[in-house]
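Quick notes on the structure that follows.
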Amino acid sequence: MSEVKKPVFQPNPQFAATARIKNMDEYLALQKMAEEDYEGFWDKFAKEKIDWIKPYTQVLDESDTPFCKWFVNGKLNVTHQCIDRHLATRKDKAAIIFEGDRGDKQTITYLELSHSVNKFANLLKNDFGVKKGDRVVIYMPMIPEAAYAMLACARIGAIHSIVFGGFSSEALKDRIEDADAKVVITADGAFRKGKPYMLKSVVDEALSQKSPVQKVLVVQRNNEEITWIAGRDYSYNELIKNQSNECEAEVMDSEDPLFLLYTSGSTGKPKGVQHNTAGYILWAQMTMEWVFDVKENDIYWCTADIGWITGHTYIVYGPLAMGATTVMFEGVPTYPDAGRPWKMVEEYKINQFYTAPTAIRVLHKTGENEPAKYDLSSLKVLGTVGEPIDPPAWKWYYEAVGGSKCAIVDTYWQTETGGHIISPLPGATPMKPGCATFPLPGIMGEILDPQTGQKVGLGESGYMCITRPWPAMIRGVWGDPQRFVKAYFGDIKKEGKAVYFTGDGAHYDEDGYITITGRTDDVINVSGHRLGTAEVEAACAKHPNVAEVAVVGKPHALKGEGIFAYIMMKDEVPFGEEIEMAKEINKVIIQEIGNFATCDDIVFVPGLPKTRSGKIMRRILRSIAKGEAITQDISTLEDPSIVATIEAKVKG
Ligand code: WTA
């Protein structure tokens, strides 16, 4: 690595002195160790970190690549790693600190967590007949029972599939049916901005006659009235009373599935990303330790929702695997005001705080001076995730929140990677705003030229790839092995061998720092929520008067990206009725996907720019949405004049 150019922010020597990885030499030594003896590297950490029931016989089996097996024949249970093994030394330590939207609080010790998870597991096993390998859909608010539900599934070997509570009944239904789930765990509802909202009614709508779901378990959180269907719906609060605190952990193979999490790709319906037991939990724990450098008495808070991968790995599995205290928050960061997170940091003496750039931008915009009102001196590490962070947001976070003394870890990763893959290390990496910096030790992350498969040079851009399998990588797309191969290993070959392609573009600067530049495919990232343009288009097309639609992303000051839809209607929208019609279409999107997927801009157009073979030229539509001049060659379009017509419409 050549000398780093400015602006560069050095790690705080006070924290670096005791960090797990203390400087760049230590980082490079680990990376070298992995390069020289890849399996030896992972073997060392798997032995050191995981409490195995039975040791594995082989570190990595690549014989059926890209389907790989890690820690072959090893036996373990994730809940033993996350709970039982801590009981000897940490039984009275807080495992979860919960704060409700309206300020209600609860501290759950490791012993209490153990009891709650075991009771929950017994309920699922004995009262609901859930067995190893069964799929259980969890559609829950951010309450401790959501974590118990995940861990209870892991305890008995059931595969959980969490669906974010912001998804609509249609989206929930699709995910339930694709996973062929037998049980849904939900809540009556919860609280948001001081008011109750409902979830159970959404589940009711999602369960049609032919649904595979036999039983629904309802946690009563807001105690609002709900419909109970006899023989199908059961109250958690009632059934949990009679359960035993003891439940034997199912012996799981390293490669038994742990969970599914549906995520959007560039085509088709969302994919059920499958993560398996050993590799996932190992990396969840290792990245927790390296990237957040959480110490025994630290209090760690990640603001994500458990419905997304960040909530899985960095609210529940990672922190608990390392025996940390994890804060869980039901509310939104701006309620009752934009000082809420900082008030909580002061009150709980939070040491590591992890959130999304969208939240940082919103907190900056709506509460620029709020951080100064609170004592934030406990903070050591500030994390960001989910989307590129723009340098102004980075600077405010660093200075106003972190007091110019904290490390900012811009963590780059994906649902498919299970845990962080590129991130600064808080004690070691000199930071640059907007740079995810370097691959973590053990991750063979390289920016490749998509044509040649060669690593691009300094100052050059290409596609972000991972050239070797890693333990926490996606193991498959549920029910569709071919889609797994095609979606992730279809595009780029290095030295003739297909490598994992993330879908993101990236750039090395002159010092070798990596900046992630965003998706190269038709995935858009709205407030850190990943959406496929195809999904939004399919939702719009459900409106009876929509003939054709094309959706693109457009830069948005707060959300990172907004959704811009070009719609051709069957019957032209009468003059003056466009706004009403746009609202109607957004309503359909809310029904089909959820509130977070509504379009920021809808423009009704008489046609779309298509090639003679009928392919929509999205690049042109992206340029028009951004207000850029069209530089592409439009002569190959079926009707080149449509471009000017659309431009005029957008400007109008
Ligand atoms: C984007 C979220 C830039 C990226 C953990 C990726 C980021 C997608 C960053 C995955 C980051 C995530 N900088 N872009 N630090 N982190 N992304 O599956 O486009 O919801 O492919 O996982 O988010 O989104 P997902």
Side-chain angles (χ1 to χ4, degrees), residues 1 11 15-16 19-46 48-50 59-60 70 275 278-294 300 302 309-310 312-314 317-319 321-322 352 354 381-386 389 407-432 435-447 455 464-474 499-500 502 504 506 508 511-516:
M1 218 165 306
F15 303 144
R20 287 181 172 83
I21 298 177
K22 294 184 180 54
N23 51 51
M24 283 315 265
D25 288 344
E26 288 189 9
Y27 162 75
L28 291 170
L30 280 166
Q31 196 58 305
K32 187 156 170 267
M33 181 181 156
E35 271 159 25
E36 285 173 357
D37 177 11
Y38 195 60
E39 292 186 25
F41 173 91
W42 290 110
D43 187 35
K44 169 183 149 60
F45 288 104
E48 204 176 292
K49 302 285 173 192
I50 303 272
V59 175
L60 170 63
W70 281 93
H275 280 290
Y280 172 80
I281 199 68
L282 173 66
W283 191 233
Q285 181 175 330
M286 286 173 69
T287 49
M288 257 324 280
E289 294 177 355
W290 282 344
V291 175
F292 296 115
D293 200 33
V294 176
Y300 159 89
C302 165
I309 191 69
T310 306
H312 285 60
T313 310
Y314 297 111
Y317 288 118
M322 72 170 295
Q352 295 85 15
Y354 190 29
V381 179
L382 298 173
T384 80
V385 58
I389 178 161
I408 305 253
V409 290
D410 175 356
T411 64
Y412 166 73
W413 60 298
Q414 312 178 289
T415 305
E416 293 87 343
T417 66
H420 304 148
I421 51 171
I422 301 179
S423 172
L425 293 161
T429 316
M431 297 162 279
K432 291 190 191 186
C435 285
T437 73
F438 307 108
L440 291 172
I443 299 294
M444 301 301 158
E446 288 180 312
I447 306 176
K455 186 170 171 173
M464 193 69 237
C465 297
I466 309 176
T467 57
R468 295 229 50 192
W470 66 105
M473 74 188 287
I474 172 177
V499 295
Y500 177 88
T502 58
D504 287 299
Y508 288 122
D511 302 311
Y513 274 62
I514 295 173
T515 297
I516 303 294

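Given the structure is predicted, the values throughout are model-derived calculations rather than measurements. Heads up: numbering here begins at 1 and tracks the sequence. Values below: all heavy atoms of this structure, side chains included; hydrogens, waters and symmetry mates excluded.
- Considering CD1 of Ile389 and OG1 of Thr384, their distance stands at 4.5 Å, rounded to 0.5 Å.
- In this structure, the separation between CZ on Phe45 and CZ on Phe41 is 4.5 Å, given to the nearest 0.5 Å.
- Here the shortest heavy-atom pairing between Pro439 and Gly445 reads CG-O, 3.5 Å.
- The nearest pair of heavy atoms linking Leu60 to Arg468 is CD2-NH2, 4.1 Å.
- Inter-residue side-chain proximity for Cys302 and Thr310 is flagged as met; some heavy-atom pair is nearer than 4.5 Å.
- For the pair Pro424 and Cys435, the tightest heavy-atom approach, listed with the atom from each and the gap, is CG-O, 4.4 Å.
- The distance from atom CE of Met444 to atom CH2 of Trp470, rounded to the nearest 0.5 Å, is 12.0 Å.
- Evaluated for a side chain to side chain contact (heavy atoms under 4.5 Å, CB included) with Tyr500, the options Thr467, Ile466, Ile421 yield exactly one hit, Ile466.
- Among residues two or more places apart in sequence or in another chain, the side-chain hydrogen bond (donor to acceptor under 3.5 Å, both in side chains) test is passed with Thr417 by none.
- At a threshold of 4.5 Å between non-hydrogen side-chain atoms, the residues Ile474 and Thr415 do not count as touching.
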Identify each donor-acceptor pair in which a side-chain atom of residues 285-293 lies under 3.5 Å from a protein atom, sequence neighbours left out, and give them as a table.
residue : atom : partner : partner atom : Å
Gln285  : OE1  : Gln81   : NE2          : 2.8
Gln285  : OE1  : Arg85   : NH2          : 3.3
Gln285  : NE2  : Glu289  : OE2          : 3.2
Thr287  : OG1  : Trp283  : O            : 2.6
Thr287  : OG1  : Ala284  : O            : 3.2
Thr287  : OG1  : Tyr314  : OH           : 2.6
Glu289  : OE1  : Lys49   : NZ           : 2.6
Asp293  : OD1  : Arg20   : N            : 3.1
Asp293  : OD1  : Arg20   : NH1          : 3.1
Asp293  : OD2  : Lys295  : NZ           : 2.9

Quiz item: Stepwise, does the side chain to side chain contact (heavy atoms under 4.5 Å, CB included) test hold for Ile422 with Met464?
Solution: CA-CA 10 Å; Ile422 301 179; Met464 193 69 237; 3.5 Å; yes
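- No side-chain heavy atom of Trp413 sits under 4.5 Å from any side-chain heavy atom of Ser423.
- How far CD of Gln31 is from CD1 of Ile443: 8.5 Å, rounded to the nearest 0.5 Å.
- Every residue two or more places apart in sequence or in another chain that forms a side-chain hydrogen bond (donor to acceptor under 3.5 Å, both in side chains) with Lys44 is listed here: Glu48.
- With contacts defined as side-chain heavy-atom distances shorter than 4.5 Å, the pair Gln352/Val409 does not qualify.
- Residues His275 and Thr313 fail the side-chain proximity criterion, which asks for heavy atoms closer than 4.5 Å.
- Between Pro441 and Met33, every side-chain heavy-atom pair lies at or beyond the 4.5 Å cut-off.
- Residues Tyr412 and Thr437 have side chains that never bring a donor and an acceptor to within less than 3.5 angstrom of each other.
- Smallest separation of non-hydrogen atoms from Pro319 and Tyr300: CG-CE2, 3.7 Å.
- Side chains of Phe438 and Thr429 form a contact here, defined as non-hydrogen atoms less than 4.5 Å apart.
- Atom CE of residue Met431 and atom CG of residue Asp410 lie 11.0 Å apart, to the nearest 0.5 angstrom.
- Between the side chain of Asn23 and the backbone N or O of Asp25 there is at least one donor-acceptor pair closer than 3.5 Å.
- The closest side-chain heavy-atom distance from Pro426 to Phe15 is not below 4.5 Å.
- The distance from the CD1 atom of Ile309 to the OH atom of Tyr317 is 10.0 Å, given to the nearest 0.5 Å.
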